[in-house]
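Take a look at the structure set out below.
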Number of protein chains: 2
Amino acid sequence: MPPSGNRSTPVIKDVAQLAGVSVPTVSRYLNGTAKVSQEKREKIAQAIKLLDYKPSFVARALANKVMDSVTLLTSLSRYWATTEINSGAEHAARDRGFLFGVTSLDGISDDEIESTINRVLSANPAGVIVSESDEIAIQVLHQIPKDTPLVLIGGSRGDAPYQVMPSEREGGRVITEHLLGLGHRNVVHVHRPEGPNNNTRTLGWRDAMRDAGIQAVEAYQVGSDLEESVELGRKLAHDPNLTAIFAGNDETAISLIKGLRDEGVHVPEDVSVAGYNDQLFSRMWDPPLTSYSQNFVDLGAAAFEMLYAQIEAKRAGNPAPAPECRVIEGRLMVRDSTAAPRNAA
Amino acid sequence: MPPSGNRSTPVIKDVAQLAGVSVPTVSRYLNGTAKVSQEKREKIAQAIKLLDYKPSFVARALANKVMDSVTLLTSLSRYWATTEINSGAEHAARDRGFLFGVTSLDGISDDEIESTINRVLSANPAGVIVSESDEIAIQVLHQIPKDTPLVLIGGSRGDAPYQVMPSEREGGRVITEHLLGLGHRNVVHVHRPEGPNNNTRTLGWRDAMRDAGIQAVEAYQVGSDLEESVELGRKLAHDPNLTAIFAGNDETAISLIKGLRDEGVHVPEDVSVAGYNDQLFSRMWDPPLTSYSQNFVDLGAAAFEMLYAQIEAKRAGNPAPAPECRVIEGRLMVRDSTAAPRNAA
DNA sequence: CTGAAAGCGCTTACAG
DNA sequence: CTGAAAGCGCTTACAG
């Protein structure tokens, strides 16, 4: 018995008619914004079920000035961690009934960044998550109105009132200390370019080295072309003092190992090599890679939840939650690519 | 000289006032839906620039019954190919000024799938992309109104009027033929569960085997726990007739190699092993892995473009584009993990 | 507790 | 070419 318009998706008027109440009453029922008599509640519930009515996201968004959606801004859209973060955040959003949007900031000019962000904001998202990976992120932070719920993933402590970050620096320290604890007197670090923040693997490595009283620290930066790391491995193979390397990620680690082997250096017998990220392939490597495992899915989920708390508070007219910087712990995975140095015992 | 309301983001009324024209005229200017005099055009343009006005996505969506956004539905949100697909589609959408949403279907019950889809649709997306990975996708297809622009990624030819698919089957055939061409008399296949469609790597392998007149085909299915593949590798190591394996993906390939090695079997000297997907780590493997490279980023972008063509046609009141099934080609990457069998020449 | 009214920002017929 | 009017589907004061 389709009411009013006979076609397409039912709207609030349809359920109001079918239930024999006014439209605002249905709205109140839906949002719990005011008491509705038991009797009408039931009729409305029935009508909704009968019609399979779903409130329109966009009409609500227009009336409320805000949509039940969040958008994640990222500038490293194809990076492994980004995938995990997005997935974690998206699932959390979905489970709360929020639409989840992604907008990438890579591959566009600086001028376009502003208009891209404005476009995102013109969809009235309830909040935005900025996933830091480079300078762009910080620039972006300033372009988002202060009253828009926001959480920053990564960055330096204090870059934003609400942050979720991986234990990057801690991870760098832990890996380095593991190597040092094995008896290595020096740990060479090879890393990709890192974000402009104070929570990097490289800084953790420096922390550990400094605490161990080691002065001569050697770090090499490599790009995303793995051949570069292979080359570096070949070169490092001829350093007689080399006994341990902490690579900034697993791909770099296996590439270095490849280079070392090309020159007849054995891992871990001659040189220990640790990676970072504990990717799936790492445990299959020969030798299985010592690495640091970071749960980026949890990180993404935590970011959404922190955002959601702000959104809820704002809607309820409550004061904003206290600023927070949550660190998601990772953990060291010791495998066979690291061992005590030959001349240790 | 801020017009009307003095605060927050400007709306169309503000630019109309500032330009000294009516609101509909601004709208016409914006959408090019009717001629606007040169003089007014200029004034409007100026006002827009001055105010940094951006039309509201949601108001437009309400008036037009459709939002400048597309949503991608996926049930394999953390899979490698999914990342690439999403990234490709998102960039293409962004470049067209479309918002891009992702909704995952994994981890929810069958009942919830319908309501999740309804929720997505209640945001009036201009179109949706369904990324096939399992039976869920096909189920989803039927829940989307016929008049909603839609493109299916993957699936069997004919599952939907508009499809973009990887050359999976072709890839399976090419890899197998490569192995056969090297002189192998049999190619054992090890694969993960595959989608319920007729475009799978496994079918390509069967095609090639059949064409080569090989009857005794052996296929093994493994799960996502790589240890299972290692085990299988150990077991296969004792098969005296084994000379070549086509693994359904690179992770499986390296795990099999690990198992083979555990039993003293050398790759490629004793057994050739090929992977699939050509992941970054594959070329760094020891030995570097022969694999099939598929550009999933392009695939995602192509899916969006195909969707966009439908959206445009619909908006212009034109007939829908002709149904299309576009195949994105991949290519064979021959490396050292495959070689002629020992007793070949 | 519950209607009638007005409004969110934009677009589309309808009359000039 | 261009206004005034009505409407998209929902919500929020305003009066009962």
Side-chain angles (χ1 to χ4, degrees), chain A residues 3-5 7-44 48 51 53-68 118-119 121-124 126 315-317, chain B residues 3-5 7-44 47-48 51 53-69 118-119 121-124 126 315-317:
Chain A
S4 78
R7 74 192 59 249
S8 76
T9 53
V11 297
I12 197 171
K13 200 207 298 182
D14 298 322
V15 355
Q17 274 184 232
L18 184 57
V21 303
S22 74
V23 163
T25 297
V26 177
S27 174
R28 291 179 192 114
Y29 166 83
L30 251 18
N31 301 298
T33 106
K35 297 259 167 245
V36 174
S37 70
Q38 176 62 23
E39 180 198 14
K40 307 208 166 183
R41 303 181 67 77
E42 282 166 7
K43 292 196 169 176
I44 294 173
I48 288 178
L51 261 25
Y53 166 74
K54 308 278 170 188
S56 156
F57 260 86
V58 339
R60 274 190 165 167
L62 186 59
N64 290 335
K65 317 281 288 171
V66 53
M67 178 129 78
D68 276 1
N118 281 337
R119 199 196 311 141
L121 293 175
S122 78
N124 296 0
R315 290 188 178 175
Chain B
S4 78
R7 74 191 61 250
S8 76
T9 51
V11 297
I12 197 171
K13 201 206 301 181
D14 298 321
V15 353
Q17 274 184 233
L18 184 56
V21 304
S22 75
V23 163
T25 298
V26 177
S27 174
R28 292 180 191 113
Y29 166 83
L30 252 16
N31 301 299
T33 104
K35 298 261 166 244
V36 173
S37 71
Q38 176 63 22
E39 179 197 14
K40 307 210 167 181
R41 301 180 69 76
E42 282 166 8
K43 291 197 169 177
I44 295 174
I48 288 178
L51 262 25
Y53 166 75
K54 307 279 169 188
S56 157
F57 260 88
V58 339
R60 275 191 165 167
L62 187 58
N64 289 334
K65 315 282 289 172
V66 53
M67 177 129 78
D68 276 1
S69 75
N118 281 337
R119 199 195 310 139
L121 294 175
S122 78
N124 296 2
R315 290 190 179 173

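Every chain is numbered from 1, with letters handed out A, B, ... down the list of sequences.
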What's the CG-C1' distance between B:Asn124 and C:dT11, to the nearest Å? 14 Å
At less than 4.0 Å, is any side-chain N or O atom of A:Thr33 found next to OP1 or OP2 of D:dT11? Yes or no. no
Closest to the A:Val11 side chain: C:dC1, D:dC10, C:dG9? D:dC10
To the nearest Å, how far apart are B:Met67 CE and C:dT11 P? 14 Å
Phosphate-side-chain proximity, A:Asn31 and D:dT11, N/O vs OP1/OP2 below 4.0 Å: yes
Watson-Crick or G-U wobble partner for D:dA4, using a 3.5 Å limit on both distances? none
Nearest listed nucleotide, side chain of B:Lys40, among D:dG3, D:dC10, C:dC10: D:dG3
With respect to the phosphate group of C:dG9, does any side-chain polar atom (N or O) of A:Lys65 fall under 4.0 Å of OP1 or OP2? yes
Under 4.0 Å from OP1 or OP2 of C:dG9: is there any side-chain N or O of B:Ser56 that close? no
For the pair made of CZ in B:Arg41 and P in D:dC1, what is the distance, rounded to whole Å? 10 Å
Which nucleotide in the list C:dC1, C:dC10, C:dA4 gets nearest to the side chain of A:Ser37? C:dC1
Taking C-beta and beyond as the side chain, do B:Thr25 and B:Lys43 meet within less than 4.5 Å on heavy atoms? no
What is the separation between atom CG on B:Leu51 and atom C1' on C:dG9, rounded to the nearest whole Å? 14 Å
At 4.0 Å (heavy atoms only), tell me whether B:Tyr53 reaches a base, stays on the sugar-phosphate, or touches nothing. sugar-phosphate
Any non-hydrogen side-chain atom of A:Asn118 less than 4.5 Å from a side-chain atom of B:Thr9? no
Flag the pair B:Arg315 / B:Val66 as yes when at least one side-chain heavy-atom distance between them is below 4.5 Å, and no otherwise. yes
Does a nitrogen or oxygen in the side chain of A:Lys13 sit under 4.0 Å from OP1 or OP2 of D:dC8? no
Walking DNA chain D from its 5' end, the first of B:Asn64 and B:Val21 to be reached, judged by nearest nucleotide, is B:Val21
Output yes when at least one side-chain N/O atom of A:Thr25 is less than 4.0 Å from OP1 or OP2 of C:dC1, else no. no
C:dC14 P sits how many Å from B:Arg28 CZ, rounded? 13 Å
To the nearest Å, how far apart are A:Arg315 CZ and D:dT11 P? 11 Å
Can you tell me how far P of D:dG16 sits from NZ of A:Lys35, to the nearest Å? 24 Å
Rounded interatomic separation in angstrom, taking CG from A:Leu62 and P from C:dA6: 18 Å
Identified side chain to side chain contact (heavy atoms under 4.5 Å, CB included) partner of A:Tyr53 from the options A:Ile44, A:Leu18, A:Val15: A:Val15
Just name whichever nucleotide pairs with D:dA13, Watson-Crick or G-U, keeping both distances under 3.5 Å, else none. none
Go through the steps for A:Lys40 and A:Arg28 under the test side-chain contact (heavy atoms from CB on, under 4.5 Å), then give the verdict. CA-CA 11 Å; A:Lys40 307 208 166 183; A:Arg28 291 179 192 114; over 6 Å; no
B:Arg60 vs C:dT11: side-chain N/O to OP1/OP2 distance below 4.0 Å: yes
Taking for B:Ser22 and for A:Leu30 the nucleotide of DNA chain D with the nearest heavy atom, the one nearer the 5' end belongs to B:Ser22
Just call it for B:Val23: base, sugar-phosphate, or nothing, with non-hydrogen atoms closer than 4.0 Å on any strand. base
Between A:Leu121 and B:Lys54, does a side-chain contact (heavy atoms from CB on, under 4.5 Å) hold up when you go through it step by step? CA-CA 9 Å; A:Leu121 293 175; B:Lys54 307 279 169 188; over 6 Å; no
